[in-house]
Amino acid sequence: RAVTEVFVSLYEEGLIYRGQRLVNWDPVLHTAISDLEVVSEEEDGHLWHMRYPRADGKGFVVVATTRPETMLGDAAVAVHPEDDRYKDLVGKEVELPLTGRTIPVIADDYVDPEFGSGCVKITPAHDFNDYEVGQRHDLPLLNIFTVDAALNDNAPEAYRGMDRYAARKQIVADLEAAGLMEKIEDHKLMVPRGDRSGEVVEPYLTDQWFVKIGPLAEPAIKAVEDGRIRFVPENWSRTYFEWMRNIQDWCISRQLWWGHRIPAWYDEEGNIFVGRSEEEVREKYASRLTPDTSLSRDEDVLDTWFSSALWPFSTLGWPARTGDLETFYPTSVLVTGFDIIFFWVARMIMMGLKFMGEVPFREVYIHGLVRDSEGQKMSKSKGNILDPLDLIDGITLEALVAKRTSGLMQPQLAPRIEKATRKAYPDGIQPYGTDSLRFTFASLATQGRDIRFDVGRIQGYRNFCNKLWNAARYVMLSAEANDLDINKGEVELGLPERWITTVLARTMRTVEESIAAYRFDLAAQALYEFTWDEYCDWYLELSNTTLGDEAATEAQKRGTLRTLLGNLEVLLRLLHPFMPFITEELWHRVAPRLDRQGKTIMLQPYPAAAEAAEDESTLAEISWLKAFILGVRRIRAERDIPPARPLAVQVTGGSKEESVWLQRNRARIRFLARVESVTEVEKEPEDAVVALAGAMTLLVPLANLIDPEAELERLEKELNKLKTDRDRTAKKLDNESFVARAPAEVVDKERHRLAETTASLDKLERQYQRIRNLVNQGV
RNA sequence: GGGCGAUUAGCUCAGCGGGAGAGCACUGCCUUCACACGGCAGGGGUCGCUGGUUCAAUCCCAGCAUCGCCCACCA
């Protein structure tokens, strides 16, 4: 009903008309198609140079063509008006070989004098350019093809009924026989094919329905220009403008079996009557129609994109003024791929503005197109399709091969497809699950236009799902192991608790901003990093220190458990849009422990960063603590010390603040770095391995374990790194214009860096000397 | 011909004016009681090339090269 309504109303306004025009004709499907449904590709062909004898007998003109068979429909030969070579020829006639006709020579600046001979044959009924030229010069339209693109009765008898390609061969042969073929060159040309049939389409003269698009396009261009509609990424608006400003009338009739029938009726003389129904037509045109006039309805149907263009309001009940329409039009965002900006997006904008008087949506989020790992567009005929279900449920190699090689348009490709498939997926595809797939696509949703699908990526995110699951398991186990009522009683939040909550708050902010900017990749990345690198790698370990500490108070344990569970619960809600199933399942286990009720996580509020508590002061302390622990771990790894063997660590130097931090975090260091003792000493031991944590030096005395040569080598490497760093910074600060012109903040930062690297260098240098001495003494 | 985009670690990609990051892959150690779909530690990049702007360029500008996409009527 909406379709009929729109059609009739556009017709009444004169924006839909029926006319005989050249359209792209698919000779296999026997239908007209729109410009957008034609795909041109470069193919090898020839350029035939043909001689047309001058009517006055003074030799020939030579015309070049890629389609010799169309010469039977030629109406003229054209030259450029300023081309001196042919000036005298304009207005004269030439003989059109094989036909017995003569045709005029005309001047038109469409002709490029540089190309070929500078003479062009003009075939108005079979070429879009020639049609234009024909219109300008009032040339006759001579259609020489049938709907199958075979020659019709307008062609000389000898060629009638021949297919266009057979005719081409015959005509070329005949011209050669007559000595009228000057030469044949190889030539690359763009060949237009129908995107459905793959057949070469023919510009063909038929009666079709068109939408006069100019008056619709103009407001649609304006809507994007003045920002009522915004493309994301913004660049796509340029593509949109480019097309809209060069738009041609839209051929909307199709000679197909299915679709919306065109609401037009014809009487016996072929007069057109447009209306919502035959009854309406009879009523409306009663003055011209008698009740016994027989009317027949137009056999054609509408281009499917015609009804799709109405989608934003037709789905809401239009033309009825429904509540839905009132509430939901316009929508806020349209999410789509760039391949249908023209087909669909632009047309929805035009129709929306026309019939609703308002844009159909405010933002158009254009995402990339998924391609295979080679960057090829996925298509059934190439056999490189990845079915989402196969990624979710997995598929064996044999089943995948069978799937890809069945029902092919070109069965001869099967062996190649099979080979490629066996190579790309030697073990088939593992089941990765819905959440992994969804998270993968979120993280692949970058600003680019292509998304190469890489199985490695989904595998990584499958592991991530698993990580989250196991982390939650740990949290639940910890909660069960303590029979504290965590929701009642005194709560004390320790350093790690305040820290992880702060980091979570910052993650929330990043996620919030990223989603607002349609950067789902950045949101996904932030969540991944928080979950894995902070919550699992550090906080779970730190929480263990408190929970496993017999000296810890109930209030402390309660604080830890509440933070473990509480942050996990928030994290689940944050992750829910990215991995709906796992988060739902886990949420039902976690939430009740926090006395949080709900039927589903889907109805829970999305966490808002503004409500989160932050404690900046924890960041520096934890990052120092991490440096300390990493330092010890590194010594252990590089000196090949068994992980189970506890170390005694001595520390020297360090700021006052760091001393305080050390006192506060002894238990955590002991636990996480597997250290049996940390002692502050004045004098550095003779034989030790060293690491730095801020201004503090960590020393692990290793009398017999140490391999002095190896240690010297390691130190040397580190010293070199620090030296280049120091030199570069020093050089920068020596530069007067840097100090004068760079922002004070940046200069400060550089000064700081210089001080730090110099201090570190100093410490490592001393260590280096000590070991050097040791080695020398040994010798 | 016009328009748009890409070029960053072996691969897939983030970053985009103040000392380059992730995932996968790679190397070594570890079956430590959430997780071997794991832990810990590491290796790997003159950020396509040439100029310019700037105190400072992977990032901004210009040109070039290579690759890609979309439009278009060069017979």
Side-chain angles (χ1 to χ4, degrees), chain A residues 35-36 40 47-49 63-67 70 78 110-112 114-123 127-133 187 189-190 192 203 233 235-236 238-239 241-243 246 338-339 341-342 369 373 375 377 430 432 436 440 443-444 446-478 519 521-522 525 528-529 532-533 536-537 540-541 544 630 633-638 640-644 674 724-725 728-729 732 735-743 745-747 749-750 753:
Chain A
D35 295 347
L36 290 176
S40 292
L47 195 56
W48 286 270
H49 296 255
V63 296
T65 181
T66 53
R67 301 203 52 198
T70 62
Y110 154 68
V111 179
D112 174 3
E114 306 293 314
F115 189 91
S117 62
C119 297
V120 188
K121 61 192 269 311
I122 299 296
T123 322
D127 183 283
F128 290 101
N129 289 313
D130 293 5
Y131 181 83
E132 298 291 325
V133 175
H187 184 69
L189 71 162
M190 298 296 277
N235 243 78
W236 288 109
R238 305 190 65 154
T239 306
F241 288 139
E242 185 66 19
W243 189 67
N246 298 303
F338 58 82
D339 53 335
I341 290 179
F342 306 140
L369 251 43
S373 55
K377 197 168 172 174
Q430 289 178 54
Y432 293 112
S436 312
T440 304
S443 58
L444 289 174
T446 59
Q447 304 269 39
R449 56 177 71 199
D450 294 335
I451 298 171
R452 286 196 188 203
F453 195 86
D454 180 22
V455 184
R457 210 71 194 244
I458 190 172
Q459 194 162 339
Y461 293 121
R462 189 268 320 264
N463 296 352
F464 176 64
C465 291
N466 194 248
K467 186 78 179 176
L468 179 70
W469 180 266
N470 283 307
R473 230 177 52 155
Y474 164 82
V475 171
M476 296 307 289
L477 286 173
S478 303
R519 290 303 304 270
D521 59 324
L522 300 181
Q525 197 192 340
Y528 183 101
E529 278 169 9
W532 202 308
D533 302 340
C536 290
D537 283 356
L540 292 191
E541 301 292 330
N544 219 341
L630 290 171
R633 282 179 184 164
R634 201 168 141 211
I635 289 173
R636 197 190 290 277
E638 282 175 358
D640 278 336
I641 302 163
R674 287 190 177 258
T724 28
D725 198 345
R728 248 201 287 190
T729 316
K732 216 166 177 177
N735 184 343
E736 279 170 32
S737 39
F738 170 73
V739 180
R741 300 203 192 197
E745 225 180 85
V746 175
V747 177
K749 200 175 138 197
E750 291 300 320
R753 179 196 294 278

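From a predicted model like this one, the values you see are computed outputs, not experimental measurements. The chains referred to below are lettered A, B, ... by the order of the sequence lines, with proteins before strands, and numbering in each begins at 1.
Between B/G42 and A/Arg634, a contact under 4.0 Å exists linking OP1 or OP2 to a side-chain N or O. Under 4.0 angstrom from either OP1 or OP2 of B/C13 there lies no side-chain N or O belonging to A/Thr446.
The same atom, P, is picked in B/C60 and in B/G44; the two are 28 Å apart, to the nearest Å. With C1' as the reference atom, B/A34 and B/G38 are 10 Å apart, rounded to whole Å. Spacing between B/G45 and B/C35 at atom P, rounded to whole Å, works out to 37 Å. Comparing the C1' positions of B/G52 and B/U66 gives a spacing of 23 Å, expressed to the nearest Å. Only the C1' atoms considered, B/A25 is 14 Å distant from B/C13, to the nearest whole Å. Only the C1' atoms considered, B/U31 is 35 Å distant from B/A14, to the nearest whole Å. Between B/A56 and B/C67, the distance separating the two C1' atoms is 32 Å to the nearest Å.
Per the geometry, CG belonging to A/Asp537 stands 13 Å off C1' belonging to B/A41, to the nearest Å. Rounded to whole angstrom, the span from the CZ atom of A/Arg633 across to the P atom of B/C30 amounts to 17 Å. Atom pair A/Tyr432:OH and B/C37:P shows a separation of 12 Å (rounding to whole Å applied). With rounding to whole Å, A/Lys467 atom NZ is found 10 Å from B/C35 atom P. In this structure, A/Asn466 places its CG atom 10 Å from P of B/G39, rounding to the nearest Å. When the P atom of B/C13 is taken as reference, atom CZ of A/Arg519 falls 14 Å away, rounded to whole Å. Taking atom OH of A/Tyr474 as the reference point, atom P of B/G39 lies 15 Å away to the nearest angstrom. Following rounding to the nearest Å, A/Asn544 (CG) and B/C35 (P) show an atom-to-atom distance of 12 Å.
Residue A/Cys536 is in base contact, counting any heavy-atom pair closer than 4.0 Å across all strands shown. A/Arg473 comes within contact range of the sugar-phosphate backbone alone, with a heavy-atom separation under 4.0 Å but no base atom that close. Within 4.0 Å of A/Leu444, counting heavy atoms only, lies no atom of the nucleic acid at all.
Annotation: side-chain contact (heavy atoms from CB on, under 4.5 Å) contacts of A/Asp35 (sequence neighbours excluded): A/Asn24, A/Gln248. Residues forming a side chain to side chain donor-acceptor pair (under 3.5 Å) with A/Thr123 (at least two apart in sequence, or on another chain): A/Asp74, A/Lys121. Shown here are the side-chain contact (heavy atoms from CB on, under 4.5 Å) partners of A/Val455, two or more places apart in sequence or in another chain: A/Tyr425, A/Tyr432, A/Ile458. Shown here are the side-chain contact (heavy atoms from CB on, under 4.5 Å) partners of A/Leu477, two or more places apart in sequence or in another chain: A/Glu480. For A/Tyr528, the ring pair (Phe, Tyr, Trp, His ring centres under 6.0 Å) partners are A/Tyr461, A/Phe464, A/Trp532, not counting sequence neighbours. With sequence neighbours left out, A/Phe453 forms a ring pair (Phe, Tyr, Trp, His ring centres under 6.0 Å) with A/Phe441. Residues passing the side-chain contact (heavy atoms from CB on, under 4.5 Å) test with A/Asn470 are A/Asn466, A/Arg473, sequence neighbours excluded. Looking at residues two or more places apart in sequence or on another chain, you find no side chain to side chain donor-acceptor pair (under 3.5 Å) involving A/Glu750.
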Heavy-atom protein contacts under 4.0 Å, nucleotides 67-74 of chain B, coded B base, S sugar-phosphate only, - none = --BS-BBB

Nucleotide-resolved protein contact map, nucleotides 19-28 of chain B, B/S/- at heavy-atom distance under 4.0 Å = B---S-----

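Taking the six-membered ring where the residue is Trp, A/Phe115 and A/His187 present perpendicular rings, their angle passing 60° and hence far from 30°.
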key: Paired and unpaired positions of RNA chain B as dot-bracket, Watson-Crick or G-U wobble under 3.5 Å, | denoting a partner strand   = (((((((..((((....[..)))).(((((.......))))).....(((((..]....))))))))))))....

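Contacts classified as salt bridge (charged side-chain N to carboxylate O under 4.0 Å, His left out) and involving residues 451-462 of chain A (residues at least two apart or in different chains) are not found.
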